[in-house]
Asks: 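This is the structure, below, for whatever I ask next.
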Protein chains: 2
Amino acid sequence: MRKQGSPSLQGEPPGDALSRKPITARELARMLGVSQSAVSRAFTPGASIAADLRERILKYAAEVDYQPNAIASMLSKSRTNIIGIVVSDMQNPFYPGLIEKLSRSLQRIGLQSLLFNITKGSNLEEQLSALRRYNVDAVIVISATILSGSTLSWATEGRPAILINRVIEDTNLSCVACNNVEGARAIADHFHRQGARRVAYVAGLSHTTTNRERQNGFVTRIAELGMTLSAQIEGREYSYNAGRRAALEIAARKSTDAIFFANDILAIGGIDALREEAGCRVPDDILVAGFDDIPMAGWPHYNLTTFRQPVDEIVRVVVEMIEGDTSALLRAATTIRLSGELIERRSTGAQPDAP
Amino acid sequence: MRKQGSPSLQGEPPGDALSRKPITARELARMLGVSQSAVSRAFTPGASIAADLRERILKYAAEVDYQPNAIASMLSKSRTNIIGIVVSDMQNPFYPGLIEKLSRSLQRIGLQSLLFNITKGSNLEEQLSALRRYNVDAVIVISATILSGSTLSWATEGRPAILINRVIEDTNLSCVACNNVEGARAIADHFHRQGARRVAYVAGLSHTTTNRERQNGFVTRIAELGMTLSAQIEGREYSYNAGRRAALEIAARKSTDAIFFANDILAIGGIDALREEAGCRVPDDILVAGFDDIPMAGWPHYNLTTFRQPVDEIVRVVVEMIEGDTSALLRAATTIRLSGELIERRSTGAQPDAP
DNA sequence: TTCCAATTTGCATCCGTATGCAACACGGTG
DNA sequence: CACCGTGTTGCATACGGATGCAAATTGGAA
């Protein structure tokens with residue numbers, strides 16, 4: 001149907017190499033006097049083909065610059081070698097780093113990353129419908145945004161899905177998350193060691209599991225240690241400005257020794273507000289800690305004490321889950337908790353190690 | 001070949017809804033007593049089909065949750081509706097913002113983004129070979145990393161390619177870039193107005209066109225204004241630490257009134273180094289300006305004067321190029337320069353507008 | 001030398017959708 | 001009533017590669 005007619009009648013199309021269509025396995029096979037199956041097998045590791053034939057085909061393929069068409073391959077095999085990555089907030093510097101490492105690791109084992117940037121508010125199903133149509137092999141969700149388990153199940157439609165830093169129980173979704181409770185308790189312990197007694201918590205997105213775990217872990221440990229929770233600010237976003245506003249609110253009451261922000265971006269906004277707007281000194285007047293350990297937390301001006309997420313390990317585990325038997329992921333959704341590390345810096349009066 | 005045999009003999013497979021394969025157009029057609037073509041046409045805008053038939057098919061399709069398989073569609077049409085995005089540095093906060101806006105705009109017109117995260121140093125052709133095999137409709141390159149025009153031409157293989165913030169002349173690649181010369185001159189003018197006379201330039205990646213343009217524009221304008229170029233630091237990366245080191249080097253010579261860093265991340269590292277390590281006051285002792293206007297530049301501690309890149313406009317232009325006749329892009333590669341905006345803040349002693 | 005097993009190769013068909021072309025339906029005109 | 005044009009519909013095949021099965025080849029054992 002397409003482009004029948006004699007191949008080179010209308011003269012060389014303008015634009016030179018531009019409209020030249022890539023060579024196909026059949027053409028390559030005909031040139032070599034072998035069958036198309038042979039070409040396909042030459043490119044399939046472990047296929048039943050003689051070593052010398054394979055070599056001859058691959059050599060010639062390299063010469064004429066043949067590469068198997070991935071689309072056709074996807075159609076006949078069940079695999080697409082594409083992983084869908086669902087993201088909603090690339091502004092928080094924690095995520096770009098994670099996405100970068102993740103996509104690099106996937107590339108290393110021959111998987112590509114198809115990015116789905118969902119916008120909260122508008123029609124989620126519509127945004128995710130492409131996720132179904134593209135037949136991705138698996139889905140990785142790196143999104144703090146509201147995304148119900150049922151919507152997600154619909155979108156992934158029987159494909160393995162792995163949530164990073166979000167935990168949903170009721171569905172067949174796997175989760176890989178940092179041990180938020182452990183981290184929050186470590187911050188509480190650290191505050192206590194540094195002498196704080198009246199402490200505050202600043203939430204990110206209140207309803208997210210991540211926030212709830214950090215909040216509960218912190219508040220519980222605070223109580224165990226006999227400290228006072230002097231303030232607790234609800235939040236609607238993980239952002240610099242939200243941190244600023246929360247810090248000002250807490251500073252106005254003048255009854256807090258230390259603030260634990262649900263993540264680093266909040267904490268950094270908080271530090272700036274405390275110093276520039278509230279006239280407080282950090283850590284002299286008030287201690288501040290965050291969560292994640294984004295690059296800015298290490299900048300000298302902030303020097304933010306934080307709980308470092310094990311990004312490399314998270315990536316490793318996720319990639320292993322995908323690399324392994326993905327159908328196993330479907331049968332038994334697993335939740336994996338990874339340990340992080342308390343990074344003590346000057347924002348809580350600690351003396352950090354030399355860089 | 002696959003899954004022949006009677007459909008429901010071996011009982012419901014374990015895992016419930018998990019392994020159920022999605023319905024196909026043919027099955028849907030048979031259920032409705034129409035031809036598969038009809039189903040295809042019902043989902044093709046502008047196809048030759050009666051309105052009531054289309055409605056009936058779409059309604060039933062919605063009921064049984066049928067959606068056309070994108071892979072099969074890609075194979076028969078020439079379009080994949082996938083845009084390859086080549087990235088190399090997600091750490092610089094300017095890029096995540098750009099990528100996010102870009103992928104959202106593309107999604108809005110039904111295009112998905114396939115992410116290619118290239119690592120400098122290792123084999124580029126190998127990394128980009130997937131770009132060819134996946135038949136992407138177009139390629140957008142957002143990468144400061146070394147990537148020769150010829151490598152890129154090979155990788156895109158007759159597909160339209162658009163470079164953002166990089167200009168390559170010799171090939172048939174389109175470019176959309178900020179007017180770096182204009183921006184650099186604006187910074188120079190601003191320095192002059194603020195009373196600086198001995199100024200320094202800190203390069204990012206020296207050989208990139210972006211850096212060269214900013215450098216030349218700045219140095220040229222400096223000379224025109226009769227100012228002295230007191231230092232010029234070569235660079236191997238656009239990073240916080242590179243900015244730190246450069247700033248310390250310049251501060252040690254004590255002969256500079258103002259520093260123009262090739263981008264904001266460098267400038268921010270520079271400010272921190274000047275204040276925390278060199279004991280200088282910014283802007284009292286030395287003025288600092290950057291380029292890009294990343295979020296951190298607006299944070300009160302930095303309050304960085306910078307030249308804002310017209311991100312929204314860049315995205316708009318790129319998407320328009322892709323949305324329009326892409327083959328036109330191939331025939332006539334165009335380079336588009338967009339104007340940015342000088343943002344005067346306190347790092348150069350300016351009084352910023354109230355937030 | 002004969003026969004069988006193991007390995008290699010090719011043939012035919014499938015994956016699921018798009019589309020050129022022919023067939024068909026319907027309404028109006030001469 | 002024959003004829004034609006417009007608008008719909010279905011048939012058949014193409015897209016490019018993967019793979020079950022049968023055929024062909026090879027080597028070695030009896």
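Chain naming here is simple, since letters A, B, ... match the order of the sequence lines and numbering starts at 1 in each. When reading the values below, keep in mind they use all heavy atoms of this one structure, side chains included, and skip hydrogens, waters and symmetry mates.
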Asks: If I compare all heavy atoms of B/A161 with all of B/L173, which pair ends up nearest, and what's the gap?
Replies: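 That would be CB-CD2, 3.6 Å.
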Asks: Which heavy atom in B/C175 sits nearest to a heavy atom in B/V167, and how many Å separate them?
Replies: SG-CA, 3.8 Å
Asks: Of the residues in residues 41-55 of chain B, which ones touch DNA chain D at a heavy-atom distance under 4.0 Å?
Replies: B/R41, B/S48, B/I49, B/A50, B/L53
Asks: Of the non-hydrogen atoms in A/Y66 and A/L28, which two are nearest, and what is the gap between them?
Replies: CD2-CD2, 3.8 Å
Asks: Using a cut-off of strictly less than 4.0 Å, decide whether A/S73 has a side-chain nitrogen or oxygen near OP1 or OP2 of D/dA18.
Replies: yes
Asks: Under 4.0 Å from OP1 or OP2 of D/dA18: is there any side-chain N or O of A/S40 that close?
Replies: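 Affirmative; the distance criterion is met.
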Asks: Determine yes or no for a side-chain-to-main-chain donor-acceptor pair under 3.5 angstrom, with B/S174 supplying the side chain and B/A333 the backbone.
Replies: no
Asks: Under 4.0 Å between a Lys/Arg side-chain N and an Asp/Glu carboxylate O for B/D137 and B/K77?
Replies: no
Asks: Between the axis at one end of the helix from C/dT1-D/dA30 to C/dG30-D/dC1 and the axis at the other (five pairs apiece), what's the angle to 10 degrees?
Replies: 60°
Asks: Would you kindly give the CZ-to-P distance between B/R133 and D/dG17, to the nearest whole Å?
Replies: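 From B/R133 CZ to D/dG17 P: 10 Å.
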Asks: Determine the sole option in A/V141, A/V86, A/V318, A/V317 for which the side-chain contact (heavy atoms from CB on, under 4.5 Å) test with A/I164 is passed.
Replies: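 Only match with A/I164 under side-chain contact (heavy atoms from CB on, under 4.5 Å): A/V318.
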Asks: Could you tell me whether the phosphate oxygens of C/dA18, OP1 or OP2, come under 4.0 Å of any side-chain nitrogen or oxygen in B/S76?
Replies: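 No.
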Asks: So among A/V315, A/V176, A/L106, A/L163, which one has a side-chain contact (heavy atoms from CB on, under 4.5 Å) with A/I140?
Replies: A/L106
Asks: Select one nucleotide: of C/dT17, C/dA12, C/dT19, the one nearest the side-chain heavy atoms of B/S37.
Replies: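 Closest of the options to the side chain of B/S37: C/dT19.
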Asks: With sequence neighbours left out, write down each residue that passes side chain to side chain contact (heavy atoms under 4.5 Å, CB included) with B/E63, or none if nothing qualifies.
Replies: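 In terms of side chain to side chain contact (heavy atoms under 4.5 Å, CB included), with neighbours along the sequence ignored, B/E63 is linked to B/K59, B/Y60.
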Asks: Both B/A72 and B/G33 contact DNA chain D. Taking the nearest nucleotide for each, which residue is further toward the 5' end?
Replies: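 First, find each residue's nearest nucleotide; the 5'-ward one identifies B/G33.
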Asks: Expressed in angstrom and rounded to an integer, what is the separation of A/R79 atom CZ from D/dA18 atom P?
Replies: 13 Å
Asks: After noting the C-alpha distance and the side-chain angles of B/F116 and B/Y134, does the key distance pass the ring-ring contact (aromatic ring centres under 6.0 Å, His included) rule?
Replies: CA-CA 12 Å; B/F116 292 87; B/Y134 278 91; 7.3 Å; no
Asks: Tell me the interatomic distance from A/L75, atom CG, to D/dC15, atom C1', rounded to whole angstroms.
Replies: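 Rounded to the whole Å, the gap is 9 Å.
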Asks: Can you measure B/R26 atom CZ to C/dC15 atom P for me and round it to whole angstrom units?
Replies: 8 Å
Asks: Identify whether any heavy atom of A/V39 sits under 4.0 Å from a base atom; if not, whether one sits that close to sugar-phosphate; answer base, sugar-phosphate or nothing.
Replies: nothing
Asks: Round to a whole Å and report the spacing from CE of A/M74 to C1' of C/dC14.
Replies: 18 Å
Asks: Does any part of the side chain of A/V319, heavy atoms only, come nearer than 4.5 Å to the side chain of A/L111, both counted from C-beta?
Replies: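 No, their side chains stay 4.5 Å or more apart.
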Asks: Measure from CD on B/E27 to C1' on C/dC14 and round the result to the nearest Å.
Replies: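 Roughly 14 Å, once rounded to whole Å.
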Asks: Which residue pairs satisfy the side chain to side chain donor-acceptor pair (under 3.5 Å) criterion with at least one member in residues 101-115 of chain B, sequence neighbours excluded?
Replies: A/N117-B/S103, A/N117-B/R104, A/T119-B/R104, B/E100-B/R104, B/K101-B/D312
Asks: May I have the distance from A/R30 (atom CZ) to D/dG16 (atom C1'), rounded to whole angstrom?
Replies: 14 Å
Asks: What are the residues of residues 57-68 of chain B, sorted by number, that bring a heavy atom to within less than 4.0 Å of DNA chain D?
Replies: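 Listed by number, there are none.
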Asks: Over how many whole Å does the gap from B/L28 atom CG to D/dG10 atom P extend?
Replies: 13 Å
Asks: Scan for salt bridge (Lys or Arg N to Asp or Glu O under 4.0 Å) pairs involving residues 27-55 of chain A, sequence neighbours excluded, and state none if there are none.
Replies: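 Salt bridge (Lys or Arg N to Asp or Glu O under 4.0 Å) check on residues 27-55 of chain A returns no pairs.
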